[in-house]
Amino acid sequence: MLDPIDYNIIACLQQNSRMQWKEIGEIVHLTGQAVADRVHRLEDAGIIRGYTITVQLPNPTSTVTAFITVFMKTNSSHTALQQLLDDHKPIIQEAHRISGDGCYWLKVTVPSTDMLNTFLNELLKFANYKLSTSIAQLTQK
């Protein structure tokens with residue numbers, strides 16, 4: 001039969017199945033070894049049948065598309081920009097040298113905003129930028 005301590009141990013494991021025996025022991029006022037013994041007894045009795053995890057993987061089809069207008073800081077930075085674009089070819093969809101507002105226009109597709117932020121931090125070494133992100137694509141190729 002289960003006692004209140006067993007129920008408390010089960011509750012701890014349901015909340016976090018990777019919780020250390022010592023941590024559970026502090027909650028239920030037992031030593032880590034005593035908790036381990038009880039958990040093994042609950043496993044042997046078939047009360048605890050396994051441990052699971054819940055996973056939320058990033059959606060591989062979910063991407064961020066950004067349109068970046070690049071403003072070069074100096075004339076000598078154009079070579080550095082070309083190298084950055086070469087180094088990031090997989091994420092650079094389009095790159096154009098433009099007239100008017102800005103020096104270059106980039107279309108970038110990345111799997112996450114973190115990756116976009118990393119690219120922008122590298123760009124800031126020699127250029128400023130104006131960023132717009134796509135919220136929906138209206139036409140397909």
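Just so it is clear, the model here is predicted, and its values are computed rather than measured.
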Would L123 and L81 satisfy side chain to side chain contact (heavy atoms under 4.5 Å, CB included), going step by step from the backbone distance to the final call?
-> CA-CA 8 Å; L123 181 61; L81 176 67; 3.8 Å; yes

Scan for side chain to side chain donor-acceptor pair (under 3.5 Å) pairs involving residues 12-36, sequence neighbours excluded, and state none if there are none.
-> Q33-D37

To the nearest 0.5 Å, atom CD1 of I9 lies from atom CG of L30 at 6.0 Å

Can you measure from CG (L84) to CD1 (I92) and round to the nearest 0.5 angstrom?
-> 6.5 Å

Within 6.0 angstrom of N75 CG, more than 12 heavy atoms from elsewhere | no

Determine, stepwise, if the pair T65 / Q137 fulfils side chain to side chain contact (heavy atoms under 4.5 Å, CB included).
-> CA-CA 9 Å; T65 299; Q137 183 173 347; over 6 Å; no

If two hydrophobic side chains count as joined below 4.5 Å and joins carry through other members, does I27 share a cluster with I48?
-> yes

According to a 4.5 Å side-chain heavy-atom criterion applied to Ile, Leu, Val, Met, Phe, Trp and Tyr, with indirect links allowed, do F71 and L124 form part of one hydrophobic cluster?
-> no

Rounded to the nearest 0.5 Å, how far does CZ of F126 lie from OG1 of T74?
-> 10.0 Å

E122 versus H88, closest heavy-atom pair with distance = OE1-CE1, 3.0 Å

With a cut-off of 6.0 Å (strictly less than), are more than 12 heavy atoms of other residues, nucleotides or ligands near CE of M115?
-> no

Atom pair CD1 (I24) and CZ (R38), whose distance is rounded to the nearest 0.5 Å = 12.0 Å

All heavy atoms of D6 vs all of D3, minimum pair found to be N-OD1, 2.8 Å

Specify the closest pair of heavy atoms between M19 and C12, including all atoms of both residues, with the distance to one decimal.
-> SD-CB, 3.9 Å

Work out which heavy atom in A95 is nearest to a heavy atom in L106; give both atom names and the distance.
-> CB-CD2, 3.6 Å

For E43 and Y51, run side chain to side chain donor-acceptor pair (under 3.5 Å): C-alpha distance rounded to whole Å, both residues' side-chain angles, the deciding distance at 0.1 Å, then the answer.
-> CA-CA 11 Å; E43 290 170 339; Y51 299 86; 2.7 Å; yes

Using the side-chain contact (heavy atoms from CB on, under 4.5 Å) rule, pick out the option among L116, D114, V110 that qualifies with S112.
-> D114

Any residue meeting ring pair (Phe, Tyr, Trp, His ring centres under 6.0 Å) with Y7, in chain and number order, not counting sequence neighbours = none

Note: with side-chain heavy atoms under 4.5 Å as the link, the other cluster members for I98 come out as F67, W105

Spacing of CG belonging to N117 relative to CG belonging to N121, to within rounding of 0.5 Å | 4.5 Å

Here the gap from I10 atom CD1 to L42 atom CG, rounded to the nearest 0.5 Å, amounts to 5.0 Å

Taking the inter-plane angle between the rings of Y104 and H78 on a 0 to 90° scale, is it parallel (under 30°), tilted (30 to 60°) or perpendicular (over 60°)?
-> tilted

